[in-house]
Amino acid sequence: MYRTCPKCGHERRAADSAPPGECPGCGLVFAKWLRRRLRCEDPVDVKAPPLAGWSRRLRRLVLPAEPPVGTLVFWGRLVTWVWLLLWGGWFVQTEYDRIIGGLPEINYSFLHRIDLVFHEAGHVVFMPIGRFMAVLGGSLGQLMMPGVVAAAFLFKYRNPFGASVGLWWFAQSTLDLAPYINDASSQRIILLGGFSGRDRPGYHDWNTILRQLGILPHDHAIAGFVDLMGEALILAALAWGGCLLYRQWGNRRQSA
């Protein structure tokens, strides 16, 4: 209906995926806007089915029609994506049940030390809820922080590429938990403090968690599922970021 949005000034481009009657930039429905301006009833029913409305809003949130970005911003994002692609490939190919020198292979990354900070903070944060939640809170803490980062980028700053980086971190932190879960029965991993769970009973988080839940014999199966979920999330984060970069490259070429 409009090539240039009367509300935000966005000019429709060939790459825009929004319906013809809707602004790709701000989501303005032209028919509703015109009806309000003319103060008359539109005989056409412009209401979309609830499910379709939700899908459109989700698409605009996750894959918005961003205005052309500057060259420096675009190439900075591309370098970040390539770095995460290579680093994520390393995390995916590590074996969560392989222990080298008392530590799982994946834990030799410096990002494990960052995860560990939020892991220990999670124990403190969840301590008032009870002993079980205090133990589980360590693993929750290291997952919550990247989750908060991803949510902040997506909902507060409307930066889906930043959110995809946050999702990548969440995926890596998920992978980081798999060796700990897998070690619940054997307790061979050297924990913070320089000793294993066998040296100090009750110190190994996932031995305590799974034993209290009565599913300790299934630790290997649970660890395998968590590892698989982390790998899938890394691939999803990379696909999301790559799709955004592809769309931004199209905008960049059209604006040149």
Side-chain angles (χ1 to χ4, degrees), residues 1-30 54-94 109-112 114-115 118 143-176 229-256:
M1 185 180 294
Y2 288 89
R3 181 174 179 80
T4 300
C5 177
K7 180 180 178 182
C8 69
H10 178 85
E11 185 173 352
R12 178 175 289 274
R13 295 180 294 273
D16 291 333
S17 59
E22 182 176 330
C23 172
C26 65
L28 178 70
V29 178
F30 300 137
W54 274 106
S55 65
R56 283 206 304 268
R57 283 194 285 273
L58 180 62
R59 186 174 65 248
R60 288 200 302 266
L61 182 67
V62 176
L63 294 173
E66 289 187 288
V69 296
T71 302
L72 186 61
V73 172
F74 175 81
W75 288 106
R77 289 180 176 181
L78 180 60
V79 169
T80 300
W81 185 85
V82 172
W83 177 47
L84 295 179
L85 173 66
L86 298 175
W87 205 10
W90 181 84
F91 280 118
V92 168
Q93 64 84 34
T94 55
S109 167
F110 84 89
L111 197 52
H112 168 70
I114 298 176
D115 295 335
F118 297 111
L143 294 176
M144 286 175 59
M145 192 60 202
V148 168
V149 169
F153 272 115
L154 187 61
F155 296 106
K156 182 176 181 180
Y157 300 109
R158 300 296 179 178
N159 184 342
F161 184 81
S164 74
V165 176
L167 178 61
W168 184 97
W169 182 18
F170 180 89
Q172 179 277 329
S173 193
T174 302
L175 288 173
D176 189 79
M229 183 171 61
E231 293 177 356
L233 287 174
I234 278 190
L235 295 177
L238 291 171
W240 184 13
C243 183
L244 290 167
L245 288 173
Y246 177 77
R247 291 161 64 91
Q248 288 168 3
W249 174 255
N251 287 345
R252 177 179 175 275
R253 287 190 298 180
Q254 291 174 20
S255 64

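Heavy-atom minimum distance, Phe170 versus Leu143: CD1-O, 3.3 Å. Among all heavy-atom pairs drawn from Ala163 and Ala150, the shortest one is CB-O, 3.5 Å. The minimum heavy-atom distance linking Gly242 with Trp81 is given by the pair N-NE1, 3.2 Å. Contact between Val92 and Glu231 at its shortest, heavy atoms only, is O-OE2, 3.4 Å. Shortest non-hydrogen contact noted between Leu245 and Phe74 is O-CE1, 3.4 Å. Phe91 approaches Thr94 most closely through the heavy-atom pair O-OG1, 2.5 Å.
Here the side chains of Leu61 and Arg158 are in contact, with some heavy-atom distance below 4.5 Å. Trp169 has its side chain within reach of Ile114: a pair of non-hydrogen atoms, C-beta onward, lies under 4.5 Å apart.
Counting heavy-atom neighbours within 6.0 Å of Met144 CE, excluding the residue itself, gives a total of 12 or less. By the 6.0 Å contact criterion, CG on Leu86 is enclosed, its count of non-hydrogen atoms from other residues, nucleotides or ligands being greater than 12.
Listed for the Arg247 side chain is a donor-acceptor partner under 3.5 Å among the backbone atoms of Leu63.
For the pairing with Met229, the side chain to side chain contact (heavy atoms under 4.5 Å, CB included) check across Leu175, Thr174, Ile234 returns one residue only, Thr174.
In summary, the aromatic rings of Trp87 and Phe110 are positioned with their centroids under 6.0 Å apart.
In this view, Pro160 and Pro64, Glu66, Leu154, Trp240, Leu244 satisfy the side chain to side chain contact (heavy atoms under 4.5 Å, CB included) rule, not counting sequence neighbours.
How far OG of Ser164 is from CG of Asn159: 8.0 Å, rounded to the nearest 0.5 Å. With rounding to the nearest 0.5 Å, the separation of CZ in Arg77 from CG in Leu72 is 11.0 Å. Rounding to the nearest 0.5 Å places CG of Asp115 at 4.5 Å from CG of Asp176.
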